[in-house]
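Here, residue 1 is the first one in the sequence, and each next residue gets the next number. Keep in mind it's a predicted model, so treat the numbers as computed, not measured. Just follow the structure's listing: the first ligand is 1, and inside any ligand the first atom is 1.
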Amino acid sequence: MPTMTIKYRACNLCEAICGLEIELEGNVVKSIRGDAKDPFSKGHICPKATALADMNADPNRLRTPVRRTATGWESISWQEAFTEVASKLEAIKSRDGANAIAFFIGNPAVHNAGTLLSMPNLIRAVGSRNRFSATSVDQLPQQVMSGLMLGNPNLLPVPDITRTKYWLILGANPLESNGSLMTAPDVKNHLKNIQARGGKVVVIDPRKTETAKAASEHFFIKPASDAFLLLAMIHTLFSENLVKMGKLEGFTDGIEELRQAVRPFSPERVAAKIGISSDEIKRLTREFSSSDSAVAYGRIGLSIQKFGAVCQWLVYALNMLTGNFDRAGGMMFPAPAFETVRSKGDWAFGRTTTRVRGLPEANGEFPVAALAEEILTEGQDQVRAFVITCGNPVLSTPNGKNLETALESLEFMVAIDPYITETTRHAHIILPPAMGLETEHYDVTFLSLSIQNSAKYSQVTVPKAEDAMFDWEIIGELSKRLGGEAAKNPAEMIDAGLKRGRYQLSLEQLRENPHGIHLGELTEQCPERIQNPEKRIRLAPSLVLNDLERLENDLEQPQAEFVLIGRRELRSNNSWMHHVGRLNRDQPRCTALMHPDDASSLGAKSGSSLRISSRVGLITIPLETSADMARGVVSIPHGYGHAMRDDVQPHAKGVSINDLTDDLELDVSGNAALNGIAVQIALA
Ligand SMILES: Nc1nc2c(c(=O)[nH]1)N[C@H]1C(S)=C(S)[C@@H](COP(=O)(O)OP(=O)(O)OC[C@H]3O[C@@H](n4cnc5c(=O)[nH]c(N)nc54)[C@H](O)[C@@H]3O)O[C@H]1N2
Ligand SMILES: Nc1nc2c(c(=O)[nH]1)N[C@H]1C(S)=C(S)[C@@H](COP(=O)(O)OP(=O)(O)OC[C@H]3O[C@@H](n4cnc5c(=O)[nH]c(N)nc54)[C@H](O)[C@@H]3O)O[C@H]1N2
Ligand code: SF4
Ligand SMILES: [Mo]
C-alpha cells in the first residue's frame, strides 16, 4: 500500500500564487485544496488549481523531444535533439549573423523561475538583438512609464488594497483573472472588506463584469477612451484646487508641464467621447481626492489599447497628485525578499529600433507586432531561425495568421514547450520540459508585485520521469552548446539572492516553512526606491506629452459602429488549458458577447453565427447576447482557435480574436492595441 502524504506548494498558473495542500498516495495526486496555513492566500484557490494534477498525468503532453518529418512527429533522444538544434543555430548564426535568430518568451516563463533565471544566458550566448516577448501584448506601457517616471521599467508599484478606502479599477476584471501586476489571492474578499470598512470600489469598463457587479459603482466607458477620462480627472484636480502632493512635493519634477498638458481636456469637452457625463467625472474626481486614502489601478483594458502609455502615465499621476503614491492605502512598492529591480542608470526608451518598421526597443526587447515582418522581409539581418519558449504567439499576438505564414517560411525553429500547439507545430524540433508539480519554484516576479510582503519556496511535489529535463536544464544545455554559460540550478541563484536581500533569508529557512513566510504589510519607500539618478519622480515625460497631439485628433473621430474588446474567464488561462476536461466541460466560452439591442439590429439572437471582420481577417463565431455589454462593443476572449487540434476539448476549440487584431495598430510604447479596434459584423 503506498503511503498517504501531504505536500505544500504555490500554484504557478496565475499571478495570485495561491498556497496549495496536495494529498498524495505514493506519487499519485489524490486531492488539491487551498492551504489554509499559507499566510498570504489563507486557503483561497480557484478551479484551475486542480488542473495541475491533470497536466501532470496528461497523455497529450510530450514526454520526449520530437522532430517534425514529412509523415508526422517522431520521437528522438535528448542528445540527438540538442545536437541538431545547436548545429542548425550555429550554422545560421555563422552564415547570417546572430540577428538572424529571433527569440520569443511567452507568459508562463514569468511563472517559472528556472526559465526566467536561465534564459538571459541563452540569449547572451546567441547575441541577437531580435528579442520578443508577451510583454508587448501586455504590460509594456506600464513598464515604459515606470522607466520614464521612476527610472526603472521593472519597478512596478501595486495598489495597497488591504488598507485603501477607495479603489478605482480601470480595465481589469480581477474576479475572473485573479489579479494582475497585483499579486492578491481572493480579490473578492478584498472588495468586500473595502466596502465593509466604509470604503468604495469603482469599476470603469465597457462591460459590466463580475468585478463591476461586486463593486460599489460601475461606469460603462467607450473602448480606448480612458486617457480622456483620466485627463479630465486631472484637469478637475487642478481647476478645483484639489492637488495635494504631500511628501512627494519634495522630490517630484514636471508638475507645471502636467498642468499645461491637461488644460485642453476639460470634463465638458471629453464627456461625449468617453460616455460619462462631466458631472460624473467631477464627482468621481472629488470622491477620489477627498477619500482618506484612494488608489487608481489600470490593467489590460488600459494597457492593450492605442493610448496605453498615456493611460498608465495618468494612472500614476492621479495617484501622485492626490497624495496617494507611496502611502498606506494608495499605490505602494513591495519590498521583496528576492530583489528583481537592478539599477539601470539613466533609463532610456527606444535606444534602437526594429529593422523593417523602425519600432522602438524597450528594456532590451522589440514589439512582438514586428516579429512576422522581421521574418518575411528580405535583407541583411532578416530572421531565419526562431527560438520560442512558453508562448503561443499565433494565438496571442495581433494578426496571428500572418505570423503563422511567417513561421512556415523559417529555415529553422525550435520550441521549448510541453504541447504541440498552433505555434509549436511549425517548429522543426520541440523540447518538452518537466513542469508544474514536478518542479521546484520560487515566484521571483509575483513576490515582487505582491500586496503583502511574503516569501515562499515550492519543493518538488511529484518526481519527474527519470529522463525528463527541467526548463532550466534544457536552456542551460543549449546555452552551453552555443558557447555560453552552462545550466545553473535556479535554487542556488534564489538562495544567493535571498541571502543578499533585505530580509537576509535563505532557501533553508523557506524549506523549513513550506506554507510561506509573512514579511509584513507594504511600507513607504520613497524617495530611496526611485531609480532616476537624481532620485526624483519625473511627472511629465516627453514620450507621452508628444502623444497628446494624437489624442487631440482622436477626440474628433466618431466611434466605429462596432468596436472589439477582449475578456478573460475564470476557467481559462490564455491559450493553453483548453485540453483540460474538468475546466472545459460545460458550454463553449469562445462567444461574441453583444448587447441584445445590437444583436437585434443585426437580426441576430443568442446562438446565431456572426461573421466578424477587420482590416486583417475574418472569423465566424457564435453570438451570446448580454445586457452587461455597452452598446456598440463586442467582447471575445483570446487564446482560442484550436480547430486543428485533437487534444483540445470539443467545446473549447473556438476561434482566435487575434485573427482580427491588427499588427499595425500600436501604442507609442510599441504595445499592440488589441482592444478597441473597429470591426464589421454581419449575420453569417
Ligand atoms: N482566468 C484567467 N486568468 C488570467 C488569465 C487568463 O487568461 N484567464 N490571464 C492572465 C494574464 S496573462 C493577465 S495579463 C491577467 C490580466 O488581468 P486583467 O487585466 O484583470 O484582465 P481581463 O480580465 O482581461 O480584464 C480586462 C478588462 O478590461 C476591459 N476593457 C477592455 N477594453 C477596455 C477599455 O478600453 N477601457 C477599459 N476601461 N476597460 C476595457 C475588459 O472588458 C475586461 O473586463 O490575467 C491573468 N489571469
Ligand atoms: N486579443 C488579445 N490577445 C492577447 C491578450 C488579450 O487580452 N487579448 N492578452 C495578452 C497577454 S496579457 C498575454 S500574457 C499573452 C499570453 O500569450 P503567450 O505568451 O503566448 O502565452 P500562452 O498563451 O499562455 O502560451 C503558453 C504556452 O506555454 C506553454 N507552457 C506552459 N507552461 C510551461 C512551462 O512551464 N514551460 C514551458 N517551456 N512551456 C510552458 C504552454 O504549453 C503554451 O503552449 O496573450 C496576449 N494576447
Ligand atoms: S487563483 Fe491562480 S494561483 Fe490561485 S489557484 Fe487559481 S490559478 Fe492557481
Ligand atoms: Mo498577461
Side-chain angles (χ1 to χ4, degrees), residues 9-20 32-35 38 40-41 43-52 106-108 110-111 133-135 137-140 142 168-188 203-212 218-227 229-230 274-276 297-308 311 396 436 443 446 563-578 583 589 593 628-630 633-640 673-677:
R9 66 179 296 127
C11 175
N12 70 332
L13 291 173
C14 90
E15 301 185 32
I17 60 174
C18 303
L20 306 179
I32 297 186
R33 279 188 291 265
D35 176 4
D38 183 303
F40 188 36
S41 63
H44 173 78
I45 51 165
C46 85
K48 283 201 292 294
T50 47
L52 283 169
N107 173 274
V110 196
H111 300 267
S133 79
T135 292
V137 283
D138 188 347
Q139 79 287 0
L140 179 61
Q142 191 173 344
L168 177 62
I169 302 176
L170 303 111
N173 187 10
L175 258 48
E176 299 283 313
S177 69
N178 280 303
S180 184
L181 296 191
M182 168 191 75
T183 293
D186 204 359
V187 175
K188 193 171 197 169
V203 173
I204 313 281
D205 198 302
R207 181 163 77 93
K208 186 160 192 179
T209 59
E210 301 66 21
T211 307
H218 165 242
F219 291 92
F220 285 108
I221 188 165
K222 299 201 171 152
S225 71
D226 305 80
L229 170 65
L230 292 160
I274 62 183
I276 301 175
Y297 160 82
R299 263 308 276 140
I300 280 296
L302 261 62
S303 265
I304 59 171
Q305 57 146 292
K306 61 185 166 189
F307 298 118
C311 283
S396 59
D443 266 290
F446 301 111
V563 179
L564 178 66
I565 63 168
R567 72 173 182 273
R568 284 174 167 73
E569 282 154 334
L570 192 59
R571 286 160 192 271
S572 77
N573 197 10
N574 295 321
S575 75
W576 69 283
M577 289 177 73
H578 301 137
L583 296 180
R589 289 194 203 93
L593 283 186
D628 295 330
M629 288 300 300
V633 181
V634 52
S635 156
I636 299 179
H638 74 286
Y640 292 88
L674 302 167
N675 280 340
I677 67 158

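Residue Ser180 touches ligand 1 through its side chain alone, judged by heavy-atom distances below 4.0 Å. When heavy-atom distances to ligand 1 are checked against a 4.0 Å cut-off, Asp138 comes that close only through its side chain, counted from C-beta outward. Residue contacts with ligand 1, taken as heavy atom pairs separated by less than 4.0 Å, involve Asn574 via backbone and side-chain atoms alike. Residue Thr209 touches ligand 1 through its side chain alone, judged by heavy-atom distances below 4.0 Å.
Between the side chain of Gln139 and the backbone N or O of Leu181, no donor-acceptor pair lies under 3.5 Å. In terms of modelled atom types and a separation under 3.5 Å, the side chain of Asp38 and the main chain of Ser41 share a donor-acceptor contact. Side chain of Ser133 to backbone of Thr135: a donor-acceptor contact under 3.5 angstrom is found. Side-chain atoms of Glu210 do not come within 3.5 Å of backbone N or O of Leu175 as any donor-acceptor pair.
Arg299 and Ser180 share a donor-acceptor pair across their side chains, judged by distance under 3.5 Å alone.
Taking the six-membered ring for Trp and the full ring otherwise, the centers of Phe220 and His218 sit less than 6.0 Å from each other.
The protein heavy atom nearest to atom 42 (O) of ligand 1 is Asp205 OD1, 2.7 Å. Looking from atom 4 (C) of ligand 1 to the surrounding protein, the closest heavy atom is Ser177 O, 3.6 Å. Among all non-hydrogen protein atoms, the one lying nearest atom 40 (C) of ligand 1 is Pro206 CD, 3.3 Å. Residue, atom and distance of the protein heavy atom nearest to atom 24 (O) of ligand 1 are Arg568 NH1, 2.8 Å. Nearest protein heavy-atom contact of atom 1 (N) of ligand 1 is Glu569 O, 2.7 Å. Scanning the protein heavy atoms around atom 2 (C) of ligand 1, the nearest turns out to be Ser572 O, 3.2 Å.
When the options Leu170, Asp226, Leu302 are ranked by their closest heavy atom to atom 38 (N) of ligand 1, first place goes to Asp226. Between the choices Ala172, Gly171, Ala673, the shortest heavy-atom distance to atom 39 (N) of ligand 1 belongs to Gly171. Which of Cys311, Ala224, Gly566 comes nearest to atom 35 (O) of ligand 1 through a heavy atom is settled by distance: it is Ala224.
On a distance-only criterion, Ile300 and ligand 1 share at least one N/O pair closer than 3.5 Å. Distances between N or O atoms of Glu15 and those of ligand 1 include no value under 3.5 Å. Residue contacts with ligand 1: Asn173 is placed with a nitrogen or oxygen under 3.5 Å of a nitrogen or oxygen of the ligand (distance criterion only). Residue Glu176 places at least one N or O, backbone or side chain, under 3.5 Å from an N or O of ligand 1. Residue Lys222 places no N or O, backbone or side chain, under 3.5 Å from any N or O of ligand 1.
Excluding water, every protein N/O/S atom under 2.8 Å from atom 4 (Fe) of ligand 3 is given here by residue and atom: Cys18 SG.
Applying the side chain to side chain contact (heavy atoms under 4.5 Å, CB included) criterion to Asp443, with sequence neighbours excluded, gives Ala10, Ile17, His441, Phe446, Leu447. Ser575 pairs by the side-chain hydrogen bond (donor to acceptor under 3.5 Å, both in side chains) definition with Asn392, not counting sequence neighbours. For Arg571, there are no side-chain hydrogen bond (donor to acceptor under 3.5 Å, both in side chains) partners two or more places apart in sequence or in a different chain.
Ligand 1 has no atom lying under 4.0 Å from any heavy atom of Ser635.
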